[in-house]
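Written out below as structure tokens is the structure these notes cover.
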Number of protein chains: 2
Amino acid sequence: MTNTKRVSARTKLLDAALSIVRRKGFAATSVDELCKEAGVTKGAFFHHFDSKEALGVAAADHWSETTGAMFAAAPYHQIADPVERVLGYIQLRRDLLDGEEAEYTCLVGTMVQEAYTSNPAIRDACKTSIFGHAETLEDDIQAAIVARGLTPDWTAKSLALHTQAVLQGAFILAKASGDRSVAEGMVDHLARYIHLLFSPAKKV
Amino acid sequence: MTNTKRVSARTKLLDAALSIVRRKGFAATSVDELCKEAGVTKGAFFHHFDSKEALGVAAADHWSETTGAMFAAAPYHQIADPVERVLGYIQLRRDLLDGEEAEYTCLVGTMVQEAYTSNPAIRDACKTSIFGHAETLEDDIQAAIVARGLTPDWTAKSLALHTQAVLQGAFILAKASGDRSVAEGMVDHLARYIHLLFSPAKKV
DNA sequence: CAGAGCATACCAACTGGTCGGTATTTATGT
DNA sequence: ACATAAATACCGACCAGTTGGTATGCTCTG
């Protein structure tokens, strides 16, 4: 729709939202604060977004796009064995925990807790982001099931969602403890679970 | 300290906080709203709590006490086999997902996401609640390790925390999707993981 | 000059918090 | 047992600052 020459105020506001909302939550983040961080005025804000709620929806979409592009370009996709590919994804998520300071958490996981009853539009945008990302894992998991000749009593979809649940939960424990390394322990358990599920040493 | 004959305003405010904060988040819950729900006035609020922040800390503590008492009284503790006892806990958590309308989520998991950078006192109270609850599982898991004669490369503590991460993450996915049954799928995966870890069919 | 992009000034509603006062217990002295 | 003093619990009007949102106008570019 818009051309967005240079760095538009809209993009700067969305980036500011990603940063501040992840730290403080959506409700605690004021429009003024967003504008100050982005270096624009309130007039610019309400020129690009009809309301603070609309900014929340746009931020969730923006999050889906940026993270989606990042995971799509990740090298783990080139691993031949589908089981190793799934484990490659989990290893990537583990590596990301050591990333930039306090920039490791998930925007939509944070927002949806505040919005799931009071703000359907934001909740739906968060839902699309989380479940859409899970779908990118589903094919690899299904291929892994076929490759190992399994006939599990669980679905590829449910396991893909389980990985997201573990990651979201790991973020919460990391935030509560103030120590990101505890999250690594959770991800290690997840990797071990995947390993056990697809291990040929299983019988009965 | 206080005797709290009848139903004191303090208790009513804490109960109101449990209800509203879990639905809307801490920042989006106003003091006025809390008072209205509790049926008391602002004077009562600031008589019992120095600030809204102090209410948040007290609510987290209140949450720890009520849920702690509930889990302590649960029948799964009487299961003889420690592995089955751990699975009994997970089954209980699964059953709770079908509980009262929108009353299945965790107060401290919601609050800590908003408070972990901006409010150390609340964050610490949430940390104590989550990690304290995890500790009640640790002994059973350790006993299970001994009972099965395992020498795992993971600790009872890390597995206890992993269960909490799965549950917290399951809440987020349930909120995002508006469907609590997806959370059941995550818990089932957790139960399967526990089963595989302590399964005697494992080798190498 | 038309319209997108943005800035400034402004507003009503709401925010957390204060303050003087009153009702209700509880503690104490006799 | 009873009066009284002293806390404690609670009320509700009020406040200054902040909130999301608006109205208007300037300034570019095509």
Side-chain angles (χ1 to χ4, degrees), chain A residues 1-17 19-21 23-60 62 111 114-115 117-123 125, chain B residues 1-17 19-21 23-60 62 111 114-115 117-123 125:
Chain A
M1 199 73 78
T2 55
N3 53 353
T4 64
K5 205 196 292 186
R6 303 292 172 88
V7 193
S8 71
R10 181 187 160 90
T11 304
K12 284 192 285 188
L13 281 165
L14 288 174
D15 288 339
S19 171
I20 303 183
V21 172
R23 287 205 311 266
K24 309 177 44 174
F26 181 72
T29 301
S30 72
V31 174
D32 280 332
E33 199 175 357
L34 253 3
C35 293
K36 190 182 167 193
E37 171 87 5
V40 302
T41 62
K42 236 174 184 175
F45 186 103
F46 286 100
H47 172 72
H48 288 288
F49 307 103
D50 285 345
S51 63
K52 188 190 174 187
E53 174 183 6
L55 179 271
V57 174
H62 184 60
M111 277 207 300
E114 300 180 71
T117 51
S118 47
N119 204 316
I122 291 181
R123 191 205 56 197
Chain B
M1 203 72 78
T2 55
N3 52 354
T4 64
K5 205 198 291 186
R6 303 293 171 89
V7 192
S8 72
R10 180 188 161 90
T11 303
K12 285 191 283 187
L13 282 165
L14 288 174
D15 288 340
S19 172
I20 303 183
V21 172
R23 286 204 312 268
K24 307 178 46 175
F26 181 72
T29 302
S30 72
V31 173
D32 280 331
E33 198 175 358
L34 253 2
C35 293
K36 190 181 168 194
E37 170 87 5
V40 303
T41 62
K42 237 172 182 179
F45 185 102
F46 286 100
H47 171 73
H48 289 289
F49 308 102
D50 286 344
S51 62
K52 187 190 173 188
E53 174 183 7
L55 179 273
V57 174
H62 184 61
M111 277 206 300
E114 300 180 71
T117 52
S118 46
N119 205 315
I122 292 181
R123 191 206 55 197

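Note on naming: letters A, B, ... go to the chains in the order of the sequence lines (proteins, then strands), and numbering restarts at 1 for each one. All values derive from a computational prediction rather than experimental measurement.
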Atom-pair distance (CZ on Phe49(B); C1' on dT18(C)), nearest Å: 18 Å
Partner of His62(A) under side-chain contact (heavy atoms from CB on, under 4.5 Å), picked from Leu55(A), Leu14(A), Val57(A), is Leu14(A)
Between atom NE2 in His48(B) and atom P in dC11(D), what is the gap in whole Å? 9 Å
Cation-pi, Phe45(B) ring and Lys52(B) (6.0 angstrom, 45 degrees): no
Between dA7(C) atom P and Asp32(A) atom CG, what is the distance in whole Å? 14 Å
With a 3.5 Å distance limit and no angle check, can you tell me whether Glu114(B) reaches the backbone of Phe26(B) through a side-chain donor-acceptor pair? yes
Find the distance Phe46(A):CZ to dA4(C):C1' and express it as a whole number of Å. 19 Å
Quick one: is dC10(D) close enough that its OP1 or OP2 comes under 4.0 Å of any side-chain N or O from His47(B)? no
Taking all non-hydrogen atoms of both residues, which atom of Ala58(A) and which atom of Arg10(A) are closest, and how far apart? CB-NH2, 4.3 Å
With respect to the side chain of Ala44(B), which nucleotide from dG20(D), dC10(D), dC6(C) is positioned closest? dC10(D)
How many Å lie between CG on Asp50(A) and P on dG5(C), as a whole number? 14 Å
Side-chain N,O (Thr41(B)) to OP1/OP2 (dG12(D)) below 4.0 Å: no
Tell me: NZ of Lys42(A) to C1' of dC26(D), nearest whole Å? 20 Å
Between Gly43(A) and Phe45(B), which is nearer to the 5' end of DNA chain C once each is assigned its nearest nucleotide? Gly43(A)
To the nearest angstrom, how far is Leu34(B) atom CG from dG17(C) atom C1'? 14 Å
To the nearest angstrom, how far is Lys52(B) atom NZ from dG16(C) atom C1'? 8 Å
